[in-house]
**Q** 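Structure below; questions to follow.
A note on names: the letters A, B, ... follow the listed sequences, proteins ahead of strands, and every chain is numbered from 1.
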Protein chains: 2
Amino acid sequence: MRRTKQEAEETRLAIMSKALELFSEKGIAATSLSEIASGAGVTRGAIYWHFKNKWDLFDAIWQHYCEPIDRLGQASHDEDETDPLGKLAELLKLILINAEQDVDFRRMLIMCMRETSIWSGEVPERIEAFIDEIHQRRIRTLRNAMRKGQLPDTLDAEAGSLMIKVMIEGVIVSWLQRPQCFSIAERADQIVDSILVVLRHGVRLPGS
Amino acid sequence: MRRTKQEAEETRLAIMSKALELFSEKGIAATSLSEIASGAGVTRGAIYWHFKNKWDLFDAIWQHYCEPIDRLGQASHDEDETDPLGKLAELLKLILINAEQDVDFRRMLIMCMRETSIWSGEVPERIEAFIDEIHQRRIRTLRNAMRKGQLPDTLDAEAGSLMIKVMIEGVIVSWLQRPQCFSIAERADQIVDSILVVLRHGVRLPGS
DNA sequence: GTTTACATACATGCGCGTCTGTATGTAAAC
DNA sequence: GTTTACATACAGACGCGCATGTATGTAAAC
């Protein structure tokens with residue numbers, strides 16, 4: 001039966017929220033629409049009313065939850081930025097803090113890490129494009145920082161970007177395995193300082 | 001129709017070999033018996049003739065392919081071993097070389113890494129027990145090496161064992177991503193030397 | 001009265017385990 | 001050596017549960 005427009009929108013958001021939760025816990029492929037529906041307190045019919053199929057649901061989640069994450073990364077790779085390294089450090093701290101304290105942010109992060117793992121199958125295009133865009137932004141930031149003398153010329157920007165990714169993800173994975181043992185948010189400063197130390201020593205890719 | 005005993009055994013081995021190949025490529029859960037069967041040139045009926053179910057097939061694979069791997073690790077953790085660190089180094093080199101050059105060994109390794117990844121679901125008991133057994137052996141070896149003055153007392157054996165695992169797996173994953181860019185087997189000496197350097201500096205777990 | 005926002009029913013495909021049928025190996029009887 | 005009886009090693013079909021997408025029913029909003 002028909003609901004109010006507000007109720008319908010609440011249903012839509014509940015579906016997306018539960019889907020994101022389950023996608024991050026089990027992966028997109030291994031999550032069934034039935035469990036999303038029952039978790040959101042509706043039936044599969046409601047999902048199909050609001051979304052064309054599972055991938056349309058994923059797209060909607062992406063649009064809804066990704067924009068704040070995207071916005072986080074805007075400032076630091078601008079070429080006019082006078083303190084690119086400082087901005088990058090702020091960004092990395094914010095990512096770490098949000099990873100621990102913002103549930104939706106964390107779930108998006110985990111879903112992306114899961115879907116891009118070496119052991120996963122085909123990476124959804126949107127996720128792949130996003131990860132690549134973020135990687136390019138980091139490269140630009142690192143190059144900007146090198147031009148401004150903040151980082152040594154011996155730094156390979158691509159290697160540096162990968163190193164940042166690996167270290168941030170490594171910390172988040174470690175925390176996911178034992179969340180009661182330490183707090184990322186409390187140690188965000190230290191963690192980011194460690195990354196900066198590594199960058200200042202210059203990083204190169206094996207074989208380059 | 002009936003085959004000779006030899007042919008039947010060949011069918012059984014073909015099924016196991018193809019299953020191991022696909023388990024390592026896609027994971028156990030995501031591999032269907034149909035694709036194993038067609039890959040081995042038989043039907044699912046033949047699989048059910050030889051094995052009770054998918055997990056019986058997995059058990060048979062484990063028994064068939066795991067014994068040589070198990071044998072690899074026997075020597076180095078014996079308490080009477082006079083050069084535990086040397087033996088450990090030999091073992092690690094052998095693992096790296098076999099990872100590149102022995103297809104079955106590599107597939108078993110990849111299957112285990114895949115099934116024990118943080119993103120995977122429930123770990124098969126046999127794999128979990130095996131990984132834990134190997135971990136305990138490394139701990140015993142490291143403690144033995146410390147008693148013999150080969151490694152510093154500041155080394156936390158458990159952390160050292162985990163570090164070894166992470167570094168070996170990291171190298172293998174990197175190689176899997178770009179096998180034409182470098183050879184693990186050729187660099188086995190260097191890689192193992194790097195691990196020994198880290199161990200000699202002493203390793204502790206975060207928070208300990 | 002029409003449209004909407006669902007719930008429910010239906011159709012289809014996939015994967016698994018079970019069952020049946022078939023051709024052939026093998027050993028024993030003749 | 002030939003024939004027979006039985007067992008074996010499969011191929012292929014069946015039934016079931018699960019998941020997805022589509023069609024239809026229903027009550028309430030508009």
**Q** Identify the two heavy atoms, one from Q177(A) and one from I118(B), that lie closest to each other, and give their separation to 0.1 Å.
**A**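 Shortest heavy-atom separation between Q177(A) and I118(B) comes out as CG-CD1, 3.8 Å.
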
**Q** Among residues at least two apart in sequence or on other chains, which ones pass salt bridge (charged side-chain N to carboxylate O under 4.0 Å, His left out) with D189(B)?
**A** K93(B)

**Q** Under a 4.0 Å N-O cut-off, is there an ion pair linking E35(B) with K18(B)?
**A** no

**Q** What is the distance, to the nearest angstrom, from the CG atom on D56(B) to the P atom on dG17(C)?
**A**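 Spelled out: CG on D56(B) to P on dG17(C) is 11 Å.
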
**Q** For C181(B), what residues pass the side chain to side chain contact (heavy atoms under 4.5 Å, CB included) criterion, not counting sequence neighbours?
**A** R178(B)

**Q** At 4.0 Å (heavy atoms only), tell me whether K52(A) reaches a base, stays on the sugar-phosphate, or touches nothing.
**A** nothing

**Q** Restricting to side chain to side chain donor-acceptor pair (under 3.5 Å), what partner residues turn up for S161(A), sequence neighbours left out?
**A**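 Once residues adjacent in sequence are excluded, the partners of S161(A) under the side chain to side chain donor-acceptor pair (under 3.5 Å) criterion are H135(A), R138(A).
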
**Q** Does a side-chain N-to-carboxylate-O contact under 4.0 Å join E9(B) and K5(B)?
**A**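 Salt bridge between E9(B) and K5(B), a charged N being under 4.0 Å from a carboxylate O: no.
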
**Q** Round to a whole Å and report the spacing from CD1 of I36(A) to C1' of dC6(C).
**A** 17 Å

**Q** From CG of N53(A) over to P of dA19(D), roughly how many Å is that when rounded to an integer?
**A**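 It works out to 17 Å between those atoms.
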
**Q** Which string of ( ) [ ] | and . matches DNA chain C, if you list each base 5' to 3' and count Watson-Crick or G-U pairs only when both distances are under 3.5 Å?
**A** ||||||||||||||||||||||||||||||

**Q** Taking only residues two or more places apart in sequence, or in another chain, which ones meet D83(A) in a side chain to side chain donor-acceptor pair (under 3.5 Å)?
**A**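 D83(A): side chain to side chain donor-acceptor pair (under 3.5 Å) contacts with Q150(A).
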
**Q** Which residue pairs satisfy the salt bridge (Lys or Arg N to Asp or Glu O under 4.0 Å) criterion with at least one member in residues 163-177 of chain B, sequence neighbours excluded?
**A**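 Listed by first then second residue: K165(B)-E169(B).
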
**Q** Where along residues 37-49 of chain A does a heavy atom fall under 4.0 Å from DNA chain C?
**A**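 The stretch gives V42(A), T43(A), G45(A), A46(A), W49(A) as the residues lying under 4.0 Å from the strand, ordered by number.
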
**Q** Cut-off 3.5 Å, side chains only: do Q6(B) and E10(B) have a donor facing an acceptor?
**A**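 The criterion, which ignores hydrogens and geometry beyond distance, is satisfied for E10(B) and Q6(B).
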
**Q** In whole Å, I'd like the distance from the CG atom of L57(A) to the P atom of dG21(D).
**A** 11 Å

**Q** Going by side chain to side chain contact (heavy atoms under 4.5 Å, CB included), name the residues that satisfy it together with R44(A), two or more places apart in sequence or in a different chain.
**A**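 Residues passing side chain to side chain contact (heavy atoms under 4.5 Å, CB included) with R44(A): L33(A), S34(A), A37(A), Y48(A).
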
**Q** Run the side chain to side chain contact (heavy atoms under 4.5 Å, CB included) test against E186(B) and tell me which residues pass, sequence neighbours left out.
**A**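 With neighbours one apart ignored, the set is S183(B).
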
**Q** So, using side chain to side chain contact (heavy atoms under 4.5 Å, CB included) as the criterion, who are the partners of R106(A) when residues are at least two apart?
**A** V103(A), I110(A), W175(A)

**Q** For a quick test of reading the model: is some side-chain N or O of H50(B) closer than 4.0 Å to OP1 or OP2 of dA9(D)?
**A** no

**Q** Give me the residues of residues 8-17 of chain A where at least one heavy atom lies under 4.0 Å from an atom of DNA chain C, by number, or none.
**A**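 Hits under 4.0 Å, by residue number: A8(A), T11(A).
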
**Q** How does protein reach along nucleotides 24-30 of chain D, written 5' to 3' as B (base within reach of a heavy atom under 4.0 Å), S (only sugar-phosphate), or - (no contact)?
**A** --BBBBS

**Q** State, yes or no, whether a side-chain contact exists between C66(B) and M108(B) at a heavy-atom distance under 4.5 Å.
**A**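 Sidechains of M108(B) and C66(B): in contact.
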
